[in-house]
2 protein chains.
Amino acid sequence: MAKTPAGGARPPRADARRNQERILAAAREAFTRHGVDASLNDIARRAGVGPGTLYRHFPTREALLEAMLADRYHALAGHARDLAGTAPPAEAVPRWLSAFVRDLRAFRGLATSMKNALYDEGSVLFVSCKEMQVAWDVLVVHAQVAGVVRQDASPADLLRLAAALAWATEDLPEDTTEADRLLDLMLTGVMRG
Amino acid sequence: MAKTPAGGARPPRADARRNQERILAAAREAFTRHGVDASLNDIARRAGVGPGTLYRHFPTREALLEAMLADRYHALAGHARDLAGTAPPAEAVPRWLSAFVRDLRAFRGLATSMKNALYDEGSVLFVSCKEMQVAWDVLVVHAQVAGVVRQDASPADLLRLAAALAWATEDLPEDTTEADRLLDLMLTGVMRG
DNA sequence: GGACTAATCGGAGAGGTTCTCCGGTTGACG
DNA sequence: CGTCAACCGGAGAACCTCTCCGATTAGTCC
């Protein structure tokens, strides 16, 4: 009672914090280079810690991913709110989706992890991107009210389709405009008449 | 010269042929149950052969996949030719894509293998589904001439988008109509106005 | 400035995987 | 039947994930 201040645990020890950051840095590099299936063993070695240390800090691969991506999702949530306030819905929707797809193409396999998270409410990643999902929902509903997005396309549908697009283009060169071209195809429709 | 008849190798030995079929049967079951990443070790064990035998018959996982799927691609090619002869393009394109997506949802990971094959001309799977691609090209070009498919959507684009759809819906129940709903969304477009 | 204690470390190791190599076996054919 | 090329299958190397626990060390109290 006197030792542990009201509310919970004491702050982590300095070495723990240091190791956590070194692991995250190594993970960022490894995931970017080898995709989301990069060897966790290897990440631990490059971070200069044992496998045990890595697994204590991040019990699953998904937990490591979540720690790497949390601020990105936070930024995407902010972006959605900004667009809702400043751009007409007919522009806001494609622009946000384009940013979302770009982020999901950061490394191979990320789109797949994202899809799994979106289907699984218990996942850490799901919780981590909930704020983003809420902001996106608002943006889409605005667009539907304005009549620029079909009523039978739910925000979740669009997220899933965008993830699919990121998946479909994930091994194309990073700076390609191919993803945006296919996104446009998807949004405006393939069939005519 | 006298022993090996002109043109190549003699037919495989009976035990070889038998093992090949047992491996294929075990693979079909394992892939259906556990997805495309099922353990090859396990497949060999269930087929009643050693790992060496499996790897001699099918040097890579992709070779095994190809052997399993070749006739399916052949059937899809036939389906495309049939539709080109019997259905108006505005119906033929969605119907064939729907069948393609259904087949790609046969087991988890198949869409990913397909995507990798479509990007890699050297792959066994690529060669194996070339006939299908050709038939599909014809169908799409007809539809473009008839003005029901956008000119800037290439047959390869549509294939890739359909694979993406299969990926996006691969862990939904097998008998769902969700995939067709999203396919319709994609073909007719999300945005209005 | 020590000494104590709980948090933290990191490597050994179990159990899984892919894939190769090679001595023993067997089907097919003269 | 005998011969031999084709074929088999398991041992094993090299990787992976993940756990456990004895050794270490940061932070605190005197």
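First the proteins, then the strands, lettered A, B, ... as listed; each starts at 1.
- Across the interface with DNA chain C, nearest-nucleotide mapping of B:Ala38 and A:Gly52 shows A:Gly52 to be the residue nearer the 5′ end.
- Heavy atoms of other residues, nucleotides or ligands lying less than 6.0 angstrom from CZ of A:Arg46 number 12 at most.
- Rounded to whole Å, atom P of C:dC19 lies 12 Å from atom CG of B:Leu64.
- Between B:Glu62 atom CD and C:dT18 atom P the separation is 16 Å, expressed in whole Å.
- Look at A:His57 and you won't find any side-chain N or O under 4.0 angstrom from OP1 or OP2 of C:dT8.
- The nearest whole Å value for the distance from the CZ atom in A:Arg61 to the C1' atom in D:dC16 is 10 Å.
- Atom P of nucleotide C:dC9 and atom CZ of A:Arg18 are separated by 9 Å, given to the nearest angstrom.
- A donor-acceptor pair is defined here as one N or O able to donate and one able to accept, closer than 3.5 Å; no such pair exists between the side chain of A:Ser98 and the backbone of A:Pro94.
- Along DNA chain D, the nucleotide closest to A:Thr53 and the one closest to A:Ser39 are compared, and the more 5′ of them pairs with A:Ser39.
- Atom P of nucleotide D:dC18 and atom CZ of A:Phe58 are separated by 15 Å, given to the nearest angstrom.
- With A:Trp167 as the aromatic partner, A:Lys115 does not meet the cation-pi criteria of under 6.0 angstrom to the ring centre and within 45 degrees of the ring axis.
- Taking atom CZ on B:Arg10 and atom P on C:dC29, their separation rounds to 6 Å, with Å as the unit.
- When the C1' atom of C:dA14 is taken as reference, atom OH of A:Tyr55 falls 14 Å away, rounded to whole Å.
- Between A:Asn19 and C:dT8 there is no side-chain polar atom (N or O) within less than 4.0 angstrom of OP1 or OP2.
- A:Arg46 has its CZ atom 17 Å from the P atom of C:dG10, to the nearest Å.
- If you check distances only, the side chain of A:Arg13 does reach the base of C:dA7 with a donor-acceptor pair under 3.5 Å.
- Backbone-only contact: A:Asp15 has heavy atoms under 4.0 Å from sugar-phosphate atoms and none from a base.
- In the set D:dT19, C:dT18, D:dG27, C:dT18 carries the atom at the smallest distance from any side-chain atom of B:Asn41.
- Looking only at distances, a side-chain donor or acceptor of A:Arg105 sits under 3.5 Å from a matching main-chain atom of A:Thr169.
- Checked by atom type and distance alone, the side chain of B:Arg108 never pairs as donor or acceptor with a backbone atom of B:Val36 at under 3.5 Å.
- Base contact: A:Arg56 has a heavy atom under 4.0 Å from a base atom.
- Residue B:Pro51 is in base contact, counting any heavy-atom pair closer than 4.0 Å across all strands shown.
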